[in-house]
Chemist: 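If you scroll down you'll find the structure; I have some questions about it.
The figures here come from the full heavy-atom set of this structure, side chains too, leaving out hydrogens, waters and symmetry mates. Positions are given from 1 along the sequence.
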Amino acid sequence: MGNTDILISGAGIGGPALAYWLRAAGFTVTVVERAPAPRPGGQTVDLRGAGRTVITRMGLMDRARALCVDQRGLAYVNAAGRITARMPADSFGGEGIISEIEILRGDLGRLLYDATLPDTEYLFDDTITGLDQDDGGVTVTFERAGPRRFGLVIGADGLHSAVRAAAFGPEAHHIRPLDLYTAWFTVTEEMDLDGWYQMYSAPGGRVASARPGRLPGEVKAGLSFRSPPLTYDRRDIAAQRELVAGRFAGAGWEVPRLLRGMRTASDFCFGSVGQVHLDSWSRGRVALLGDAGYCPTPLTGLGTSLALVGAYVLAGELTAADGDHRIAFRNYDRVMRPYVRQAQELPPGGASGYAPAGALAIRLRDLSMRTMNHWPVRNLLAAQFAKAGNIALPDYGRAAVPEPRGAA
């Protein structure tokens with residue numbers, strides 16, 4: 001590859017992780033991100049299986065552990081707040097629904113971002129608007145910056161990827177919706193969670209959740225509901241808040257408190273839940289990484305692992321192929337495809353298991369949780385949790401990049 005400049009779209013998890021490994025291999029890396037700065041806060045994500053191995057190979061595990069959120073596990077509660085079923089964090093060897101290492105998405109993103117400095121260029125508050133490929137590279141147009149030339153472009157920009165839209169076509173061709181919608185946000189309401197990630201199910205396929213944040217008095221909240229496809233403006237936050245509030249009217253438990261906090265939450269995020277499926281993750285000199293190429297949905301708990309492992313493998317294959325993107329992209333697919341295929345298998349029940357529609361279904365879901373350590377439920381859950389490590393992670397012969405200057 002004559003032009004070793006690589007553009008990555010997305011500064012969440014996969015983008016900085018890829019930049020980390022590419023800069024170690026001698027590539028010149030630029031990352032473009034629509035947000036004005038690294039996104040703070042967010043919900044917790046899991047470090048599990050092969051994703052944990054990648055963080056260890058980056059030399060960042062000690063710093064990641066220092067940022068962990070202290071949670072006792074997952075607890076289902078009823079309208080009165082009484083726990084009806086629970087799964088402690090140490091279940092299944094620390095690889096259960098709540099893993100041993102839970103870290104806020106913003107904290108993990110910032111850790112990875114810091115590890116790429118000062119050798120990675122970031123273009124914040126911008127996005128890709130066009131890609132024009134030829135035999136020598138890709139001419140990229142941006143919303144704010146002037147046109148630039150790159151050897152390769154990698155889309156690590158999430159479920160609604162701008163890169164995927166530009167190079168692969170409309171997202172409706174690639175996203176399989178689960179008829180499930182979720183709002184995530186942070187509240188500072190006083191809630192007695194006792195260290196548990198508490199989840200309440202209301203009839204009508206509605207789920208409200210609250211878990212401790214890393215900072216005192218901080219609660220990470222979620223409101224999910226099942227629905228046929230909805231039409232809404234992804235830029236109209238006020239309308240999204242009203243939509244969620246209407247769906248959860250009269251739901252019970254701590255929902256009124258969560259709705260009150262939702263209205264003023266600065267990090268409110270709402271969207272549909274869906275999986276991304278493509279026959280190929282590359283088109284010419286453009287490739288996709290993480291949720292942009294193979295989103296498994298949050299229901300699997302494996303999105304972070306896929307992003308971290310995908311970044312490691314893609315960078316490793318580009319290095320091994322001496323920059324020949326055709327060979328590298330082909331091998332990236334070969335290594336990752338079986339791992340992705342398993343990760344995209346939803347837990348038993350899928351969306352209906354996560355958000356039961358009626359009172360009987362809710363009771364049966366709680367019963368299955370209470371029998372988690374007994375056959376056959378334990379075997380089903382163990383198989384789901386084991387997927388995070390079901391890949392022979394290649395050793396590309398690279399040492400971890402030294403800690404960034406000034407790192408704690």
Chemist: With the threshold set at 4.0 Å, does a side-chain nitrogen-carboxylate oxygen contact exist between Glu102 and Arg214?
Modeler: no
Chemist: Please report whether the ring centroid of Trp281 lies less than 6.0 Å from that of Phe329.
Modeler: no
Chemist: What I'd like to find out is whether the side chain of Arg365 reaches to under 4.5 Å of the side chain of Tyr76, using heavy atoms alone.
Modeler: yes
Chemist: Could you check if a side-chain atom of Glu218 sits within less than 4.5 angstrom of a side-chain atom of Thr186, using non-hydrogen atoms only?
Modeler: yes
Chemist: Taking the six-membered ring for Trp, are the ring centroids of Tyr113 and Tyr122 within less than 6.0 Å of each other?
Modeler: yes
Chemist: Run the side chain to side chain contact (heavy atoms under 4.5 Å, CB included) check on Val77 and Met199 step by step: do they pass?
Modeler: CA-CA 6 Å; Val77 297; Met199 185 175 293; over 6 Å; no
Chemist: Do Arg164 side-chain atoms and Gly169 backbone N/O form a donor-acceptor pair below 3.5 Å?
Modeler: no
Chemist: Where the side chain of Arg52 meets the backbone of Leu47, is there a donor-acceptor pair that is under 3.5 Å apart?
Modeler: yes
Chemist: Side chain of Gln71, backbone of Gly73: donor and acceptor closer than 3.5 Å?
Modeler: no
Chemist: Looking at every non-hydrogen atom in both residues, tell me the closest pair between Thr297 and Gly274 and how far apart they are.
Modeler: CG2-O, 3.4 Å
Chemist: Please confirm whether the backbone N or O of Leu117 pairs with a side-chain atom of Thr120, one donor and one acceptor, at under 3.5 Å?
Modeler: no
Chemist: Is the side chain of Glu190 donor-acceptor paired with the backbone N or O of Gly217 at a distance under 3.5 Å, no angle test?
Modeler: no
Chemist: Rounded to the nearest 0.5 Å, how far apart are CG of Leu288 and NE2 of His174?
Modeler: 8.5 Å
Chemist: Do any N or O atoms from the side chain of Asp46 and from the backbone of Arg48 form a donor-acceptor pair under 3.5 angstrom?
Modeler: no
Chemist: Looking only at non-hydrogen atoms, find the nearest pair between Ser209 and Trp184 and report the distance.
Modeler: OG-CZ3, 4.2 Å
Chemist: Distance only, no hydrogens: is a donor on one side chain within 3.5 Å (strictly under) of an acceptor on the other, for Ser9 and Asp157?
Modeler: yes
Chemist: Please determine if Arg226 forms a cation-pi arrangement with Tyr181, meaning its NZ or CZ atom is less than 6.0 Å from the six-membered ring centre and no more than 45° off the ring axis.
Modeler: no
Chemist: Side chains of Tyr312 and Arg57: donor-acceptor distance under 3.5 Å anywhere?
Modeler: yes
Chemist: Please answer whether the main-chain N or O of Arg283 pairs with a side-chain N or O of Gln133 as donor and acceptor at a distance below 3.5 Å.
Modeler: yes
Chemist: Of all heavy-atom pairs between Val138 and Gly151, which one has the smallest distance, and what is that distance?
Modeler: CG2-O, 4.3 Å
Chemist: Ile101 versus Arg65: any side-chain heavy-atom pair under 4.5 Å?
Modeler: yes
Chemist: Heavy-atom distance under 4.5 Å between the side chains of Asp267 and Lys220, does that happen here?
Modeler: yes
Chemist: Between Leu243 and Arg241, does the side chain to side chain contact (heavy atoms under 4.5 Å, CB included) criterion hold? Intermediate values first, please.
Modeler: CA-CA 5 Å; Leu243 171 62; Arg241 293 184 207 262; over 6 Å; no
Chemist: Can you find a heavy atom in the side chain of Arg285 that is under 4.5 Å from one in the side chain of Ile154?
Modeler: no
Chemist: Begin with the C-alpha distance, continue with both residues' side-chain angles, and end with the deciding distance and a verdict on side-chain hydrogen bond (donor to acceptor under 3.5 Å, both in side chains) for Thr141 and Thr129.
Modeler: CA-CA 6 Å; Thr141 54; Thr129 57; 3.1 Å; yes
Chemist: Apply side chain to side chain contact (heavy atoms under 4.5 Å, CB included) to Val32 and Ile8, showing your working.
Modeler: CA-CA 6 Å; Val32 60; Ile8 302 169; over 6 Å; no
